[in-house]
Amino acid sequence: MTTTSQAILITGCSTGIGRATAVRLAATGRPVYATARREETIADLRDAGCRTLSLDVTDEGSMRAAVDHVVEQHGAVGALVNNAGYSQSGAVETVTPDALRRQFETNVFGLVRMSQLVLPGMRGQGSGRIVNISSMGANFTFPGGGVYHATKYAVEALSDALRFEVAGFGVGVSIIQPGLIRTEFASTAGNEISAEDGPYAEFNASVAAATKEVYEKGPLAKLGGDPDDVAKAIEKAITARKAPIRVRVTPSAHLLVGQRRLMTARMWDMFVGTQFKRPGA
């Protein structure tokens with residue numbers, strides 16, 4: 001008789017949502033494998049009951065090694081949380097090809113490959129959960145965030161297709177759409193903006209400032225949440241009898257997604273025009 005694996009593998013646990021999720025899920029008593037590119041950055045998670053592994057979602061060998069380790073110990077990965085990701089900001093014309101590739105390698109290609117690697121074991125045991133961390137930004141686009149938003153739209157499309165394709169094997173796929181979350185995300189987004197001079201220099205600088213302002217001081221910050229709010233949603237997605245399809249987290253996500261639905265594309269352009277200075281104008 002095949003024993004169903006309860007092991008949970010989480011990518012991107014060095015900070016924020018991934019770290020909070022690892023701590024919360026470890027408290028349930030299930031085997032939790034917290035991962036990060038540099039394992040030493042998550043060594044303290046062992047004190048919370050996690051097992052730690054090095055995992056770089058842009059490296060095939062690293063991804064295979066992590067999945068193989070869990071499979072060797074438990075027969076299969078019981079649940080995968082695809083959390084690793086970051087925001088590449090800046091006007092589309094200023095994002096270099098290398099930066100564009102890195103963004104998709106981390107936010108999209110790594111997520112797909114991790115799912116491909118765990119699915120044979122999940123199919124073999126007739127059950128499993130894949131939880132993909134998307135964003136409220138998969139429902140609208142802010143200027144200066146086109147590349148990042150594109151990756152989240154891709155995550156949504158891939159997750160919707162995957163959900164249908166694997167349901168018959170007993171595998172559930174859920175999408176989590178966090179709104180504003182108080183993490184290092186905003187500062188990372190700003191650091192990824194191109195600093196080169198040119199017609200977008202002022203715009204890119206304003207995007208960095210606006211991102212920091214929204215997360216730290218703006219009115220929407222009051223409608224944000226903490227990493228553990230997202231961790232709670234992830235826990236429910238893994239433990240619910242039936243995997244939820246799409247879960248939005250924080251009032252800011254519900255507000256902005258609802259607002260975008262009520263607007264035409266030109267109305268949205270007018271709205272974001274009140275928040276960002278139009279390049280060239």
Side-chain angles (χ1 to χ4, degrees), residues 16-17 82-83 85-95 99-100 103-104 106-108 111 131-161 163 173-183 185-190 192-193 200 203-225 227 229-230 233 244-281:
I17 292 170
N82 279 313
N83 170 71
Y86 70 97
S87 174
Q88 169 65 59
S89 297
V92 172
E93 188 180 348
T94 67
V95 179
L100 181 62
Q103 177 79 128
F104 273 83
T106 301
N107 290 14
V108 181
L111 176 148
V131 182
N132 291 331
I133 309 305
S134 178
S135 167
M136 66 175 179
N139 301 277
F140 52 78
T141 304
F142 283 129
V147 172
Y148 170 73
H149 285 283
T151 66
K152 293 307 180 180
Y153 273 86
V155 167
E156 297 278 328
L158 290 161
S159 299
D160 283 340
R163 182 179 66 251
V173 178
S174 296
I175 299 167
I176 307 295
Q177 294 185 344
L180 294 177
I181 303 296
R182 291 177 282 272
T183 67
F185 178 86
S187 59
T188 303
E192 291 294 331
I193 291 179
Y200 299 99
F203 172 74
N204 282 351
S206 70
V207 168
T211 301
K212 185 177 179 64
E213 178 77 14
V214 165
Y215 274 82
E216 295 181 359
K217 301 177 183 177
L220 282 177
K222 297 179 181 178
L223 301 176
D229 294 324
V230 186
I245 292 175
R246 189 171 276 101
V247 181
R248 293 195 182 103
V249 184
T250 77
S252 61
H254 291 281
L255 175 64
L256 285 171
V257 173
Q259 183 178 13
R260 178 63 186 91
R261 284 179 173 173
L262 295 173
M263 294 182 174
T264 64
R266 291 193 185 280
M267 289 170 65
W268 181 257
D269 286 351
M270 291 176 63
F271 166 69
V272 296
T274 67
Q275 311 296 315
F276 300 91
K277 186 180 185 301
R278 192 182 297 274

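Predicted, not measured: the structure shown is a model, and the values here were computed from it.
Under the side-chain hydrogen bond (donor to acceptor under 3.5 Å, both in side chains) rule, S134 has a single partner from E156, R248, R246, which is E156.
Ring geometry, F142 versus H149: the interplanar angle exceeds 60°, so the pair is classed perpendicular (tilted spans 30 to 60°). Note: F203 and Y200 have perpendicular aromatic rings, judged against thresholds of 30 and 60 degrees for the angle between ring planes.
Rounding to the nearest 0.5 angstrom, the gap separating the CG atom in D269 from the CZ atom in F276 is 12.0 Å. Rounded to the nearest 0.5 Å, atoms CG (L158) and CD1 (I175) are 9.5 Å apart. Here the OG atom belonging to S135 is positioned 6.5 Å from the CZ atom belonging to F140, to the nearest 0.5 angstrom. For the atom pair CZ of R260 and CG of L256, the computed distance is 11.5 Å after rounding to the nearest 0.5 Å. Atom CG of residue L111 and atom CG of residue N83 lie 10.0 Å apart, to the nearest 0.5 angstrom. Once rounded to the nearest 0.5 Å, the distance linking CG of N107 with OG of S87 reads 8.0 Å.
Of all heavy-atom pairs spanning N139 and V257, the tightest one is ND2-CG2, 3.6 Å. The two residues Y86 and Q103 come nearest to each other via the heavy atoms O-NE2, 3.0 Å. The two residues G224 and P251 come nearest to each other via the heavy atoms O-CD, 4.5 Å. Between P178 and I181 the shortest heavy-atom distance is CB-CG1, 3.8 Å. Summarising the geometry of V247 relative to A233, their closest heavy-atom pair is CG1-CB, 4.1 Å, with the distance given to 0.1 Å. Closest approach of G90 and T94 over heavy atoms only: C-OG1, 4.0 Å.
Atom CE of M263 has more than 12 neighbouring heavy atoms from other residues, nucleotides or ligands inside a 6.0 Å radius.
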(message) For a side chain to side chain contact (heavy atoms under 4.5 Å, CB included) check, start with the C-alpha distance between L180 and M136, then their side-chain angles and the critical distance, and finish with the verdict.
(response) CA-CA 8 Å; L180 294 177; M136 66 175 179; 4.1 Å; yes
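Panel note: side chain T141, backbone G146; no donor-acceptor pair is recorded below 3.5 Å.
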